[in-house]
Amino acid sequence: MFMRQTWVDPRLAFGNVYSKRNLSVTGDIMNQIWKPDTVIANEKTLVVPEHEFLLRINTDGTVLYSQK
């Protein structure tokens, strides 16, 4: 099962400080960034590998979170 979520967190906007288009975040930094508490209705089991994710932050604070 793949899950992808996108949201905007203006606290993470960095367009005026850093010239890259986006930042990919891994490791301990991932645990410091707010993520929505997602509930999947009628889910029978939940197996979430901790190391199979991608968190990308765009210059305007748009966050893409993808998990396998």
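- Closest approach of Asp60 and Val8 over heavy atoms only: O-CG1, 4.2 Å.
- No donor-acceptor pair under 3.5 Å is formed between the side chain of Lys35 and the backbone N or O of Tyr65.
- Taking OG of Ser24 as the reference point, atom CG of Leu54 lies at 5.5 Å (rounded to 0.5 Å).
- For the atom pair Leu64 CG and Thr6 OG1, the distance stands at 5.0 Å (nearest 0.5 Å).
- Asp28 CG: 12 or fewer foreign heavy atoms inside a 6.0 Å radius.
- Under a hydrophobic clustering in which Ile, Leu, Val, Met, Phe, Trp and Tyr are joined whenever their side-chain heavy atoms come within less than 4.5 Å, directly or via other members, Val17 and Val63 fall into different clusters.
- For the atom pair OG1 (Thr62) and CD1 (Ile57), the distance works out to 10.5 Å, reported to the nearest 0.5 Å.
- Distance OG1/Thr59 to CG/Leu12: 12.0 Å, rounded to 0.5 Å.
- The shortest non-hydrogen separation linking Val25 to Met30 is CG1-N, 3.8 Å.
- For the atom pair CZ (Phe14) and CG (Asn58), the distance works out to 7.0 Å, reported to the nearest 0.5 Å.
- Contact detail for Phe53 and Thr26: the closest heavy-atom pair is CE1-CA, 4.3 Å.
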Are Thr38 and Gln5 close enough, and set up right, to give a side-chain contact (heavy atoms from CB on, under 4.5 Å), and what steps lead you there? CA-CA 9 Å; Thr38 304; Gln5 296 177 295; 2.4 Å; yes
